[in-house]
Amino acid sequence: MKALIITRDSDLHAEIASQGTARVPPISLAASRASLREALDRLMPDNPGVVIIDATDPDIQDSDLLERLAKHYQSSCFMLLTRDHHQDLLIRAMRAGVREVLQLPLVHRAFHEAMDRVAQAVGVTDMRDGKVLAFISCKGGSGATFISTNFGYALATLAEKKVLLIDLHGQFGDATLYVSDQKPAMTLSDVCSQIARIDGPFLDSCLVHVTPGFGILAAADDPTHAVDLKPEHMDTILRVARQHYDYIVLDVGRQIDAISLRALDNADTIHPVLQLALPDIRDARRLLDIFRSLGYPVDQTRLIVNRYEKGGKLRLQDLQNALGADVMHTIPNDYVAATDSVNQGVPVLELSRSSAVARSLADLVELVTARRAPEANKGLFDRLFGRADTDA
Ligand SMILES: Nc1ncnc2c1ncn2[C@@H]1O[C@H](COP(=O)(O)OP(=O)(O)O)[C@@H](O)[C@H]1O
Ligand SMILES: [Mg+2]
């Protein structure tokens, strides 16, 4: 959380800085001002989470200044540090909307308790409302893991979204290996075994961080079933994840079991990944029949055709007719770029930025974040990549 501190007292400044960095998550003193007047003259571009004011500043007597600052940083929490609790000062502080008043010299425990309350108050307004997107492989090798991991990376880097990918494979989950060389220290089973502890920071601490904005929760990898994974755990994890991430991407794999089913129940959209070949289409049909029997709305299921080559015997229209579902996006067959990326464990957008498959993933980001209508022919990413033409 970012803090603005207003004090002339360098010892107090240092004390709060060190107490702030010791917290989890830390409080960083993003800006320091010597007086209320200076704070008003030099406003911060963004609202800090908390504004800490040393009330020994003589400006505090001018209640207008405090009120003006509080009006400007409306979503911030205000904390006042005073040596003496003058009643009239307290009333003015209350009027200005100051939430916490602490006595100086600072009692560290009281400071942290107050900060806990502030973090909670700010956290509530900071809550995200993430979307859950499930990628499911119609046939082994369709490309669900390749697409979900690389799409997650693309969402985080191109659209600057905060993205969490959860590898839901019961066994042999390998999502982290597609985009990272880090070995996961924690997995989905660890989170489930400590489900009572779950909150945003705990969930984040269990991830393999591919970039600051893109983390992967590795697959359970627990063949002895030492931990009881329960469908209710999925509800809890996804509820917390929605509050802290813009997008939660699920690599569901192929198996449908109690856990993946509960995850799919929670998904906003489901993306079956298939190739334009009869075995894939047969399996896709079985999958869509299951979704129908579960009562999932038809428009929630959006097909992704992978390794698509134009001019093949089977046309997209045939596929849509056969399955009764829309193709949301096609990803071209790009053997060299995909294989290099998978073999090196480096996202294809990083390794081969201008490859056909990387550009297609960028298009998918635009579709999902609705930055561009599908029919528009030149979007931000086209300009970024300097592309002359788009795929039909
Ligand atoms: N668009 C593509 N073009 C070429 N090869 C691809 C493409 N997408 C995936 N692949 C290759 O297919 C292989 C299987 O993909 P994967 O994501 O592991 O499938 P799944 O998770 O559905 O079983 C990967 O090793 C990757 O190299
Ligand atoms: Mg896979």
Side-chain angles (χ1 to χ4, degrees), residues 133-155 165-181 184 187-188 208 210 216-221 249-257 259-260 263-264 270-277 279-288 301-312 314 316 319 327-365 367 390-392:
L133 277 54
F135 290 78
I136 184 160
S137 189
C138 288
K139 193 149 201 75
S142 300
T145 303
F146 175 75
I147 292 175
S148 58
T149 49
N150 280 282
F151 170 69
Y153 177 87
L155 259 178
L165 184 135
I166 306 180
D167 186 343
L168 285 175
H169 285 77
Q171 252 181 311
F172 310 120
D174 52 1
T176 53
L177 296 173
Y178 279 57
V179 284
S180 157
D181 59 3
T187 69
L188 181 60
V208 165
V210 181
I216 300 182
L217 181 56
D221 196 22
V249 177
L250 307 177
D251 179 11
V252 181
R254 276 199 75 200
Q255 79 282 39
I256 298 218
D257 55 21
I259 304 289
S260 58
L264 289 171
I270 301 175
H271 304 282
V273 176
L274 75 161
Q275 298 180 21
L276 208 45
D280 283 63
I281 298 174
R282 267 198 297 273
D283 282 6
R285 192 179 209 143
R286 287 197 197 106
L287 198 61
L288 294 189
T301 308
R302 302 182 193 164
L303 303 172
I304 294 188
V305 174
N306 191 22
R307 309 193 71 163
Y308 176 60
E309 293 189 78
K310 271 191 251 176
L314 282 165
L316 287 179
L319 174 74
V327 172
M328 178 198 194
H329 192 56
T330 61
I331 296 189
N333 190 25
D334 192 342
Y335 181 78
V336 176
T339 310
D340 282 356
S341 159
V342 169
N343 284 341
Q344 295 180 40
V346 176
V348 71
L349 248 142
E350 194 182 311
L351 198 64
S352 323
R353 203 179 164 80
S354 55
S355 63
V357 66
R359 294 188 305 197
S360 176
L361 285 163
D363 285 341
L364 186 57
V365 168
L367 269 176
T390 48
D391 302 348

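Atoms within each ligand, like the ligands themselves, are counted from 1 in listed order. Note that the structure is a prediction, hence the values are computed from the model and not measured.
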Can you measure from CG (Leu133) to CZ (Arg302) and round to the nearest 0.5 angstrom? 8.5 Å
Protein residue, atom and distance nearest to atom 21 (O) of ligand 1, heavy-atom basis: Thr145 OG1, 2.8 Å
When you look for heavy atoms under 4.0 Å from ligand 1, do you find them on the side chain of Tyr335, its backbone, both, or neither? backbone
Please write down residue, atom name and distance for the protein heavy atom closest to atom 18 (O) of ligand 1. Tyr178 OH, 2.4 Å
CG of Leu303 to NE2 of His271: how many Å apart, nearest 0.5 Å? 10.0 Å
Between Asp363 and Ser360, is there a side-chain donor-acceptor contact under 3.5 Å, judged purely by atom types and distance? no
Is the CZ atom of Arg254 crowded by more than 12 outside heavy atoms at less than 6.0 Å? yes
Distance in Å, Asp167 CG paired with Tyr178 OH, rounded so as to fall on 0.5 Å steps: 10.0 Å
With a cut-off of 2.8 Å, which protein N/O/S atoms are close to the Mg ion (ligand 2), if we only count those under it? Thr145 OG1
For the residue pair Ile136 and Ala144, what are the closest heavy atoms and their distance? C-CB, 4.0 Å
Under 4.0 Å, heavy-atom basis, I'd like to know which part of Pro332 is in contact with ligand 1: side chain, backbone, both or neither. backbone
Reported CD1-to-CD1 distance for the pair Ile147 and Ile304, which is rounded to 0.5 angstrom: 6.0 Å
What's the shortest distance from atom 25 (O) of ligand 1 to any protein heavy atom, and which residue and atom give it? Val342 CG1, 3.9 Å
Please work out, at 4.0 Å between heavy atoms, whether the side chain, the backbone, both, or neither of Asn306 comes within that distance of ligand 1. side chain
Measure the distance from atom 22 (O) of ligand 1 to every protein heavy atom, then report the residue, atom name and distance (to 0.1 Å) of the closest one. Ser137 OG, 2.6 Å
May I ask you to check if ligand 1 and Phe146 share an N or O to N or O distance below 3.5 Å? yes
Considering all protein heavy atoms, does one lie under 4.0 Å from atom 4 (C) of ligand 1? yes
Would you say Gly143 and ligand 1 have an N/O pair spaced under 3.5 Å apart? yes
Polar atom proximity, Ile331 to ligand 1 (N or O, under 3.5 Å): no
Give the residue and atom name of whichever protein heavy atom lies nearest to atom 2 (C) of ligand 1, and the separation in Å to one decimal. Arg307 CG, 3.6 Å
Output all residues satisfying ring-ring contact (aromatic ring centres under 6.0 Å, His included) with Phe151, sequence neighbours left out; order by chain, then residue number. Phe135
Is it the case that the side chains of Asn306 and Ser142 hold a donor-acceptor pair, with the cut-off being a distance below 3.5 Å and no angle test? no
Test item: side-chain donor near acceptor, Asp280 and Gln275, under 3.5 Å: no
Consider every N or O of Gly141 and every N or O of ligand 1, then say whether any pair is closer than 3.5 Å. yes
For Leu264 and Ile256: C-alpha separation, side-chain torsions, deciding distance, then whether side-chain contact (heavy atoms from CB on, under 4.5 Å) applies. CA-CA 9 Å; Leu264 289 171; Ile256 298 218; 4.3 Å; yes
Quick check on Tyr308 - does any of its heavy atoms sit under 4.0 Å from an atom of ligand 1? no
In terms of its nearest heavy atom to atom 6 (C) of ligand 1, the top option of Ala338, Ala337, Ala144, Ala356 is Ala338
Can you find a non-hydrogen atom of Ser148 under 4.0 Å from ligand 1? no
Identify, by atom number and element, the atoms of ligand 1 in contact range of Asn333, meaning under 4.0 Å from any of its heavy atoms. 3 (N), 4 (C)
Mark the output for Val273 as yes if a heavy-atom distance to ligand 1 is under 4.0 Å, and as no if none is. no
Smallest heavy-atom separation, Ala154 atom then Val365 atom, equals CB-CG2, 3.6 Å
Taken to the nearest 0.5 Å, the spacing of Ser137 OG from Gln255 CD works out to 10.0 Å
How long is the gap from CD1 on Ile281 to CG on Leu314, to the nearest 0.5 Å? 5.0 Å
Under 4.5 Å between any side-chain heavy atoms of Leu274 and Lys139, yes or no? no
